[in-house]
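To keep things clear, I will list the structure first and then write my remarks on it.
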Amino acid sequence: MGEPSVTLHGFNNLSKTLSMSIFDICYAKTRAQVNEYIAYIDEVYDADRLTQILTDVTEMIGANILNVARQDYEPQGASVTILISEEPVIAEGIDYHEEPGPLPGDGELARDSVVAHLDKSHITVHTYPESHPENGISTFRVDIDVSTCGRISPLRALNYLIHSFDSDIVTLDYRVRGFTRDIHGGKHFIDHEINSIQNYLSEDTRERYQMIDVNVYQENIFHTKMLLKDFDLDNYLFGHGTDDYSPQACTRIEKALKKEMFEIFYGRNLADADVPSSGMR
């Protein structure tokens, strides 16, 4: 289908869901620093900030907000859910191609290629700050779901969301569900060409991350994992810099941080000997 060359029976009711988990890693040496880090995360990514990010996404993909539910949790974390609906736009002259969306700071959020039925669609975000009980590693996770119905594409929000958070590791899932019929009764199980989520990442994002895919093409299921290539220890020491630690301590902390990142990236616990020696510079 790709372009609007197939006449549908009724409206396009394919369901498209983009699910993301974004991880930010840091080292906080003392319990007080851990508490300060979690308090910092809770302040920077509170329900108000998350609501603004999702509101930007809603505008970007061309939807209307029906309802917003948001909550800051004690002792930590926040959630926001936005129920969205179709935005009435004129279909004539609209570009239906799936394409990477804008980045934060691009100005206009580019609502120039959306026409859709979005009833029963939603956008959600949940945050999970946590810390290791012994080794000083703290991890902040954000889970995001953008679920739409119709020609509108959640992939347009992909780059914006990655750049809206400090993203050391990102796991992405994209799935197209259901089918829509043409006027002859034929079923269409997808309405655009895709062989990888990577196709919809901006060039600077592809350059910054190493990525692997696990795709099930016949089921229209796509999975991509991303790991930041560059590693500067100073960027991971909360409240301190490398000058505050001995060279031996810096080596130990760097190994612990990289182990945490590789374990999240590969989705399993690793022995020290199994941690890859390359992959992050």
Side-chain angles (χ1 to χ4, degrees), residues 19-53 70-80 104 124-145 161-172 205 208-210 225-272 274-277 279-281:
S19 298
M20 310 171 61
S21 289
I22 298 173
F23 300 85
D24 173 50
I25 315 299
C26 89
Y27 178 80
K29 182 178 181 180
T30 67
R31 173 49 54 184
Q33 289 174 351
V34 170
N35 293 337
E36 289 175 9
Y37 171 74
I38 291 176
Y40 164 78
I41 288 295
D42 270 356
E43 179 179 355
V44 173
Y45 297 111
D46 63 3
D48 287 341
R49 170 77 185 283
L50 298 175
T51 299
Q52 184 58 58
I53 291 173
R70 60 187 185 181
Q71 181 67 49
D72 286 304
Y73 298 110
E74 293 293 341
Q76 60 208 37
S79 295
V80 178
T124 65
V125 59
H126 308 281
T127 68
Y128 304 89
E130 65 90 46
S131 61
H132 191 285
E134 297 176 354
N135 70 3
I137 303 296
S138 293
T139 302
F140 172 57
R141 181 176 112 236
V142 182
D143 287 350
I144 303 168
D145 289 289
L161 287 169
I162 291 174
H163 285 73
S164 292
F165 299 88
D166 292 325
S167 306
D168 292 317
I169 305 107
V170 184
T171 61
L172 303 166
T205 300
R208 291 175 61 214
Y209 291 87
Q210 64 182 65
K225 296 193 288 189
M226 305 167 54
L227 176 65
L228 198 64
K229 292 179 180 177
D230 292 331
F231 184 94
D232 183 348
L233 184 57
D234 271 315
N235 293 333
Y236 295 90
L237 301 176
F238 183 77
H240 289 278
T242 52
D243 292 340
D244 298 313
Y245 297 93
S246 68
Q248 294 81 4
C250 286
T251 298
R252 175 182 56 81
I253 295 168
E254 181 172 330
K255 287 182 177 179
L257 286 164
K258 288 185 176 180
K259 181 180 179 182
E260 179 83 357
M261 296 170 74
F262 278 118
E263 286 183 338
I264 295 171
F265 182 67
Y266 289 110
R268 63 181 185 272
N269 292 309
L270 300 173
D272 290 343
D274 294 331
V275 176
S277 58
M280 288 183 290
R281 297 189 294 271

Query raised in the report: Which atom names give the shortest non-hydrogen contact between Tyr236 and Ile25, and what distance separates them?
Result: CD2-O, 3.1 Å
Query - Pairwise distance CD(Glu130) to CZ(Phe140) - rounded to 0.5 angstrom - result: 11.5 Å
Requested in this report: Please identify each residue that fulfils side chain to side chain contact (heavy atoms under 4.5 Å, CB included) with Ala249, with sequence neighbours left out.
Outcome: Tyr245, Ser246, Arg252
Requested in this report: Answer yes or no: is there a donor N or O on one side and an acceptor on the other, between the side chain of Lys229 and the main chain of Gln210, under 3.5 Å?
Outcome: no
Query raised in the report: Would you call Asp272-Lys259 a salt bridge at under 4.0 Å N-O?
Result: yes
Requested in this report: Give, for atom CE of Met20 and atom CG of Leu172, the distance between the pair rounded to the nearest 0.5 Å.
Outcome: 5.0 Å
Query raised in the report: Are any non-hydrogen side-chain atoms of Ile41 and Thr127 less than 4.5 angstrom apart?
Result: no
Report task. Would you give the length of the straight line joining atom CZ of Phe165 to atom CD1 of Ile53, rounded to the nearest 0.5 angstrom? Result -> 4.0 Å
Query raised in the report: Just by modelled atom types, is the Thr242 backbone N or O under 3.5 Å from a matching donor or acceptor in the Asp234 side chain?
Result: yes
Requested in this report: Please tell me if the side chains of Leu233 and Leu257 come closer than 4.5 Å, counting only heavy atoms from C-beta onward.
Outcome: yes
Report task. Report yes if some heavy atom in the side chain of Ile137 is under 4.5 Å from a heavy atom in the side chain of Tyr27; otherwise report no. Result -> yes
**Report entry** Distance in Å, Thr205 OG1 paired with Leu228 CG, rounded so as to fall on 0.5 Å steps
**Finding:** 10.5 Å
Report task. For residues Ser167 and Ile22, report the shortest heavy-atom separation together with the two atoms involved. Result -> OG-CG2, 3.2 Å
Requested in this report: On the 0 to 90° scale, with breaks at 30° and 60°, tag the Tyr128-His126 ring pair as parallel, tilted or perpendicular.
Outcome: tilted
Requested in this report: Scan residues 38-49 for pairs that pass side-chain hydrogen bond (donor to acceptor under 3.5 Å, both in side chains), counting only residues two or more places apart or in two chains.
Outcome: Asp48-Arg70
Query raised in the report: Side chains of Val275 and Lys255: closer than 4.5 Å at any heavy-atom pair?
Result: no
**Report entry** Exercise: identify the closest heavy-atom pair between Leu50 and Val80
**Finding:** CB-CG2, 3.7 Å
Report task. List the atom of Ser138, the atom of Ser131, and the distance in Å for their closest heavy-atom pair. Result -> OG-CB, 3.4 Å
Query raised in the report: Considering only heavy atoms from C-beta outward, does the side chain of Glu260 approach that of Asn135 to under 4.5 Å?
Result: no
Requested in this report: Please answer whether the main-chain N or O of Ala47 pairs with a side-chain N or O of Asp72 as donor and acceptor at a distance below 3.5 Å.
Outcome: yes
All N/O donor-acceptor pairs, side-chain side in residues 31-38, below 3.5 Å, sequence neighbours left out:
| residue | atom | partner | partner atom | Å |
| --- | --- | --- | --- | --- |
| Gln33 | OE1 | Lys29 | N | 2.6 |
| Gln33 | OE1 | Thr30 | N | 3.3 |
| Gln33 | NE2 | His240 | NE2 | 2.6 |
| Asn35 | ND2 | Arg31 | O | 3.4 |
| Tyr37 | OH | Asp24 | OD2 | 3.2 |

Requested in this report: Return the minimal non-hydrogen interatomic distance between His163 and Arg208, and the atom names on each side.
Outcome: NE2-NH1, 4.0 Å
Query raised in the report: How far does OH of Tyr266 sit from CD1 of Ile169, to the nearest 0.5 angstrom?
Result: 11.5 Å
Query raised in the report: Do Ile264 and Arg141 have side-chain heavy atoms sitting under 4.5 Å apart?
Result: no
Query raised in the report: Taking atom CZ of Phe262 and atom CG of Asn269, what is their separation to the nearest 0.5 Å?
Result: 15.0 Å
